[in-house]
Number of protein chains: 2
Amino acid sequence: MTDRRRSVAAAADGFARAFTVDDLIAAARAHSPGIGIATVYRAVAAMEGAGALERVGSRDGSALYVRCSEDEHHHHLVCTACGAVAHTPCPLGTNMPDSAHEGFVVTSHQITLYGLCAACAGTGAVRG
Amino acid sequence: MTDRRRSVAAAADGFARAFTVDDLIAAARAHSPGIGIATVYRAVAAMEGAGALERVGSRDGSALYVRCSEDEHHHHLVCTACGAVAHTPCPLGTNMPDSAHEGFVVTSHQITLYGLCAACAGTGAVRG
DNA sequence: CCTACTCGTGATAACCATTCTCACTTTGGA
DNA sequence: TCCAAAGTGAGAATGGTTATCACGAGTAGG
Ligand SMILES: [Mn+2]
Ligand SMILES: [Mn+2]
Ligand SMILES: [Zn+2]
Ligand SMILES: [Zn+2]
């Protein structure tokens, strides 16, 4: 684990909402002023591979990510108005990975729920 | 509905597997030789908006689509080896759209299952 | 017939998020 | 300390997708 990687991870920890790589670059530069974008992209790829980061869609052509613990298998709920994120248990229940459906052996799945968080549900706010 | 749009829809119908826009362009040109890529991209956007096409990930930086009926709410199972697609009922069951989770009002969700189809599960095949 | 307006089309240029290149530095173990 | 492997960063390149724009087909009204 290098100094740069630590900065990116710390920057990711700082977000309570979904963020783009650009957001992450800006945040990482607070602690590592000279960090290059290639390095951040590489850190993102590594973290995504390790389950520390998860893609939850895109906004204006840029990927949106969510900081995620590497613990239990679970999924995410993203507020389409403010980007707020909630971690929610896997709704598949008994139909877990490696089970069979329609003749397929299911090895993985991608689930993201979208909606409005409590704060945004109150106002008529809409974003992106 | 124009002639071009019909060609793209017909081309999409011809795929039993997930396909890229490039695949679609090639297929559409079988019946509409001069069709331009912009037209196909526009048709894809229209079909996606209408629920006739659904994005199921990407391969090598290109979006992967699946032809889909506009009927019941359901999701897809994609073979990571050959791209074969199966349509499968929504696993959320009672937790349908517009319900609440973690304080969120859930308005939509994105679910895709990945695995190996019966044919590919037999061989040791792996792709992309 | 005209005119005006809308919409789809397609060749092409532009965009721009992401990846690659390459020379250099850092890391961590022996 | 030494070294091979991995990481870094400025900049160039990539390439899927989108924006432009001139054109033609349809349509409604007169
Ligand atoms: Mn999480
Ligand atoms: Mn379907
Ligand atoms: Zn799950
Ligand atoms: Zn569903």
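We name chains A, B, ... by the order of the sequence lines, and we start the count at 1 in each one. For the numbers below, each heavy atom of this structure counts, side chains included, while hydrogens, waters and symmetry mates do not.
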Atom-to-atom span, [atom1] of [X] to [atom2] of [N] - whole angstrom:
{"X": "A/Ile25", "N": "D/dA10", "atom1": "CD1", "atom2": "P", "value": "11 Å"}
{"X": "A/Arg6", "N": "D/dG7", "atom1": "CZ", "atom2": "C1'", "value": "12 Å"}
{"X": "A/Arg42", "N": "C/dC22", "atom1": "CZ", "atom2": "P", "value": "14 Å"}
{"X": "A/Asp60", "N": "C/dT18", "atom1": "CG", "atom2": "C1'", "value": "16 Å"}
{"X": "A/Met1", "N": "D/dA5", "atom1": "CE", "atom2": "C1'", "value": "16 Å"}
{"X": "B/Leu53", "N": "D/dT17", "atom1": "CG", "atom2": "P", "value": "12 Å"}
{"X": "B/Tyr65", "N": "D/dG16", "atom1": "OH", "atom2": "P", "value": "13 Å"}

Side chain of [X], heavy atoms from C-beta onward: which of [options] has the nearest atom to it?
{"X": "A/Thr2", "options": "C/dT9, D/dG7, D/dA19", "value": "D/dG7"}
{"X": "A/Ser62", "options": "C/dT9, C/dA17, C/dT27", "value": "C/dA17"}
{"X": "A/Ile37", "options": "C/dT27, C/dT19, C/dT9", "value": "C/dT19"}
{"X": "B/Arg4", "options": "D/dG9, C/dA17, C/dG10", "value": "C/dG10"}
{"X": "B/Ile35", "options": "C/dG10, C/dT18, C/dA17", "value": "C/dG10"}
{"X": "B/Ala38", "options": "D/dG9, C/dT18, C/dG10", "value": "C/dG10"}

Q) Any chance the side chains of B/Thr112 and B/Gln110 put a donor and an acceptor closer than 3.5 Å? A)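 Yes, because at least one side-chain N or O of B/Thr112 sits under 3.5 Å from a partner of the opposite role on B/Gln110.
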
Q. Between A/His73 and A/His109, is any side-chain donor less than 3.5 angstrom from a side-chain acceptor?
A.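 There is such a pair (donor and acceptor under 3.5 Å, judged by atom type) between the side chains of A/His73 and A/His109.
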
Does the side chain of [X] get closer than 4.0 angstrom to OP1 or OP2 of [N] through an N or O atom?
{"X": "A/Thr39", "N": "D/dG7", "value": "no"}
{"X": "B/Thr20", "N": "D/dG16", "value": "no"}
{"X": "B/Tyr41", "N": "D/dT17", "value": "yes"}
{"X": "A/Arg5", "N": "D/dT8", "value": "yes"}

Q. Among A/Val85, A/Val56, A/Asp23, A/Val21, whose side chain to side chain contact (heavy atoms under 4.5 Å, CB included) with A/Tyr65 holds?
A. A/Val21

Q.
Using heavy-atom distances to pick each residue's nearest nucleotide on DNA chain D, tell me which of A/Asp3 and B/Val21 is more 5'.
A.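 Taking each residue's closest nucleotide, the earlier one in sequence belongs to A/Asp3.
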
Q. Hey, what do you get for CG (B/Leu116) to CG (B/Leu77), rounding to the nearest 0.5 Å?
A.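 These two atoms lie 10.5 Å from each other.
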
Q.
Does A/Ser32 form a side chain to side chain donor-acceptor pair (under 3.5 Å) with A/Ser7? I'd like the steps, not just the answer.
A. CA-CA 7 Å; A/Ser32 293; A/Ser7 286; 2.5 Å; yes

